[in-house]
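See below for the structure under consideration.
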Amino acid sequence: MSRTVVVTGATSGIGRAAVREFAGRGDRLVLAARSAQALEEVRAECAAAGAPALTVATDVAEPAAPAALAEAAVAEFGGIDVWAHTAAVMSYGRFEETPERVFEQTIRTDLIAAATVARVALRHFREAGGGTLILTGSVLGHITAPYLSGYVASKWGLQGLARVLQQETRETPGVHVCIVTPGSVDTPVYQRAANYLGRLGRPPLPVTTPERVARAMVDCADRPRREVSVGRANTVMRFGFTVLPGVYDALVGPLMRVAALTDRPVEPHDGVVFTPAPGSERLRGGWLPDLGRITRALTRHLP
């Protein structure tokens, strides 16, 4: 039985992978992101999979945007069964060297917008008698790392918000709140991040694929769970942060500089924190080889 699924942050990384997974299931999609051009590309992917899709170019960081998006979804498809919220931005820099406006916009996009989405979605689900909200957290909602203050603060806040919402919906039959917490993922978020550190960021090893995170989201839509962690190193990092805080704090700075930053110098810039960058919305960031593409290329050359 097909569902109506809203995906916010639908044009890049985890959001785009989630769209493909839901479309492959035959679900009806409502696609939301800031770039109308990129949304049309994703809509075409849905059409190729035989999944109907409505596109809404919007910035969910605007206070009225989530409610208007929900109204569009109801008008087009009659309701909402699942809302997968993946929209997020990132900024690199020491806290005191990151412009206040960039820090605040990161919080606004990654936490306040998620709270507004949750408010709109849960009200709709209560009135409709059921529905599943899937939030995208991060292992950085359980641990900390230098040079990512706005992102870390947002993900810690989102983790707490998700827990509160789960407590408040316990006695509401059919309404579920899930949070998927990936570690490093091969998405373009690192290249698209604001940067006031002088070096391009990258996902530290081990890196997983956005498709794997998307499958966890679809699984939550099928069988709602409170939290799903995606990433082989997540448990180890959380253990070190909690049980050996002194050791963790001594090591995280050097490891961050070695494993999570490239040697490529970059001038200070705002990335996509305030406005989208046409052409930068992609499924992957290029941090992992595309094994599927390599396999297909090799297969074509086999006798």
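The model shown is predicted, which means the values in this text are computed figures rather than measured ones. Note that the numbering runs from 1 along the sequence shown for the chain.
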Any salt bridge between [X] and [Y], counting N to O under 4.0 Å?
| X | Y | value |
| --- | --- | --- |
| Arg34 | Glu62 | no |
| Arg212 | Asp186 | no |
| Glu227 | Arg163 | no |
| Glu281 | Arg16 | no |
| Arg215 | Asp219 | no |

Let me have the donor-acceptor pairs involving side chains of residues 150-158, under 3.5 Å, with sequence neighbours excluded, atom names and distances please.
unit_1 : atom_1 : unit_2 : atom_2 : d
Ser154 : OG     : Gly150 : O      : 2.8
Lys155 : NZ     : Thr136 : O      : 2.8
Trp156 : NE1    : Leu140 : O      : 3.1
Trp156 : NE1    : Ile143 : O      : 2.8

Pairwise distance CZ(Phe77) to CG(Asp27) - rounded to 0.5 angstrom: 10.5 Å

For [X] and [Y], indicate whether the former's side chain and the latter's backbone hold a donor-acceptor pair under 3.5 Å.
| X | Y | value |
| --- | --- | --- |
| Ser12 | Arg282 | yes |
| Tyr248 | Phe239 | no |
| His124 | Ile80 | yes |
| Thr208 | Gly231 | no |
| Asn195 | His269 | no |

Qualifying residues under side chain to side chain contact (heavy atoms under 4.5 Å, CB included), relative to Arg257, sequence neighbours excluded: Tyr147, Arg199, Pro254, Leu261

Qualifying residues under side chain to side chain contact (heavy atoms under 4.5 Å, CB included), relative to Leu244, sequence neighbours excluded: Val247

Tyr190 and Tyr92: CA distance, side-chain angles, deciding distance, ring pair (Phe, Tyr, Trp, His ring centres under 6.0 Å) verdict: CA-CA 9 Å; Tyr190 308 93; Tyr92 286 92; 7.1 Å; no

Would you mind writing out the side-chain donor-acceptor pairs for residues 106-113 within the sub-3.5 Å range, not counting sequence neighbours?
unit_1 : atom_1 : unit_2 : atom_2 : d
Thr106 : OG1    : Val102 : O      : 2.8
Arg108 : NH1    : Gln105 : OE1    : 2.5
Thr109 : OG1    : Gln105 : O      : 3.1
Asp110 : OD1    : Val89  : N      : 2.8

Under 4.5 Å side-chain linkage, directly or through intermediates, the cluster mates of Val19: Val5, Val7, Ile14, Phe22, Leu29, Leu31, Leu39, Val42, Val82, Ile134, Val180, Val185, Val213, Met217, Val218, Val228, Val230

Any donor-acceptor N or O pair under 3.5 Å, side chains Thr55, Arg43: no

Closest non-hydrogen atom pair, Val177 against Ala162: CG1-O, 4.2 Å

Minimal non-hydrogen separation, Pro173 against Glu171, with atom names: CD-O, 3.3 Å

Thr209: side-chain hydrogen bond (donor to acceptor under 3.5 Å, both in side chains) partners, not counting sequence neighbours: none

